[in-house]
Amino acid sequence: MVSRVTTVAFQGVEAVPVDVQVHITPGLVGFSIVGLPDKAVAESRERVRSALVACGMALPAKRITINLAPADLPKEGSHFDLPIALGIMAAMNAISADAIAGHVVLGELSLDGQLAPVSGVLPAAMMAVSRGDGMICPHGSGAEAAWAGEELTILAARSLLDLTGHFAGRQVLARPRPQIRAGWSEGVADLHDVRGQESAKRALEIAAAGGHNLLMIGPPGSGKSMLAARLPGLLPPLGARELLDLSVVCSLAGTLEAGAISDRRPFRAPHHSASMAALVGGGIRARPGEISLAHHGVLFLDELPEFSPQVLDSLRQPLESGQCHIARANHHVTYPAAFQLVAAMNPCRCGHAGEPGHACSRGPRCASDYQARVSGPLMDRIDLRIEVPAVSARDLSNPAPRETSAQVAARVAAARDRQAQRYAVDGAAASGEGSASALGAPPLNARVSQASIERHCQLDAGAQALLSEAAERANLSARGYFRVLRVARTLADLAGADQVAREHLAEAMGYRGHDAGLAAAA
């Protein structure tokens, strides 16, 4: 007799059904698992054996064969423990096969039969809903599974013994409730704490309103990291679709604490020693990287030139497409990565190039060599580049009232509403690779298609002449040309204007960099 239990394997953010087939036959005593299991799956033999003994059962002195079908799909993770154990118990007639039929099963077993939480429960629960199945999972993962929908039947047990007691009718497992972490506005750093740096605050507001990438260049202690940490407080809470997309990624990465989710946008700040696999994802067992964990949020790279040039250049494709494609010999997966890049760097290695009274021993090469560690193609994808000078003593002691994050966030929300209404009317947000609708995000000027930006950035003769002359003098690429238009469109939205005016265009050129700013001023 062959007993069957349904579980899942993961390909990117997609849960693929796996049929766990258990066959117990007379013959040489053995316990084998086939179907491309990894080391964690192969080791489940000993965990399952000990867990069954702890529950008062012993494996029969027969040959046990476990097949994980489809056999050509790699199987990874410890969540195969529970389906294997339940399959063996059904084959031994310790539980009814009908009791586990129609359920997707995940869970890791400890040696005493307790069930430990596993990653990937949310996408597995969503697959179960699409199939009309229920779910069996550890108690610690039940709250996460509950987010898949009220129609999902969930059996969340603390131990294998509790699960068998439920099947035997001796106890009832209550359905878990979804959990929520701290809300959008709780514990977020406030812009009110920043002294001075009015031009940088303006750039931060523009970046928040249009979803633009931002680079801050300034000496140590000027407040670059402090400003970046306050960007999440200017962004609106996650929408329903965004929340679900991000929670699926976090579930796969195992970062959902006790299965609780939050509408707060992520803010990821990896150290500059991060490897390419840590930043973009991958590894021996393909996992989401920092850019996917920052999906619909902010990725902050402090000390930008200190990152490996190869690691930085790996961000170029995700910045354009909003997705991360990882190709390996035995993996080919795609993770969402619609993040907003915010970076900070010193003007040179010693950090004080251009400051009055400072003379670098290496001269101009100190700054040029340091900044050259960031490639031109990556810089071309950054819409806003600003200088953040050192804060003066007058700014630090100035008692004048300062705007709070809530005040700026209100203007950002109004600008984003204008974008949503504009792009919803003409449907432009639904076209193009990396478009907002394709990524599950509200349409923003930094994400909508090029055709949409051209349609909504009609310039008069004077503004067109200014842009053409500035683009020629600054040698803007085609990408840079349209990114200037995107920033100008955001400036117009913040001003409540329907048309992009000359002053919006001039300010946008000023944020493109030193050469473009001089060209626009001329």
Salt bridge (charged side-chain N to carboxylate O under 4.0 Å, His left out) against Asp383, all qualifying residues, sequence neighbours excluded
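Per chain and number, Asp383 pairs via salt bridge (charged side-chain N to carboxylate O under 4.0 Å, His left out) with Arg483.
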Got a sec, which residues hit salt bridge (charged side-chain N to carboxylate O under 4.0 Å, His left out) with Arg373, two or more places apart in sequence or on another chain?
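Result, salt bridge (charged side-chain N to carboxylate O under 4.0 Å, His left out) vs Arg373: none returned.
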Least distance between heavy atoms, Pro266 atom then Leu293 atom:
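Between these two residues, the closest heavy atoms are CB-O, 3.4 Å.
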Could you pull out the closest heavy-atom pair between Ala124 and Leu106, with the gap in Å?
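The answer is CB-CD1, 3.7 Å.
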Would you say [X]'s side chain and [Y]'s backbone share a donor-acceptor pair under 3.5 angstrom?
X: Glu469; Y: Leu466; value: no
X: Ser468; Y: Ala465; value: no
X: Arg502; Y: Gln464; value: no
X: His456; Y: Ile453; value: no
X: Arg512; Y: Leu384; value: no
X: Arg230; Y: Met226; value: yes
X: Gln197; Y: Pro389; value: yes
X: Gln419; Y: Ala415; value: yes
X: Ser452; Y: Val448; value: no
X: Gln179; Y: Arg177; value: yes

Would you please say whether a donor-acceptor pair under 3.5 Å links the side chains of [X] and [Y]?
X: Thr334; Y: His325; answer: yes
X: Glu507; Y: Tyr511; answer: yes
X: Asp380; Y: Ser477; answer: yes
X: Ser321; Y: Gln323; answer: no

Go through the steps to decide whether His295 and Tyr335 satisfy the test ring pair (Phe, Tyr, Trp, His ring centres under 6.0 Å), and finish with yes or no.
CA-CA 9 Å; His295 187 48; Tyr335 293 114; over 10 Å; no
Passing option when Asn445 is tested against Arg422, Arg489, His212, Arg416 for side chain to side chain donor-acceptor pair (under 3.5 Å)
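The single option meeting the side chain to side chain donor-acceptor pair (under 3.5 Å) with Asn445 is Arg422.
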Which of parallel (below 30°), tilted (30 to 60°) and perpendicular (above 60°) describes Phe300 and Phe267?
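Parallel: the ring planes of Phe300 and Phe267 meet at under 30°.
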Once rounded to the nearest 0.5 Å, what's the spacing between atom CD of Gln407 and atom CG of Leu191?
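Going from the CD atom of Gln407 to the CG atom of Leu191 covers 9.5 Å.
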Phe10 and His79: aromatic ring centres closer than 6.0 Å?
yes
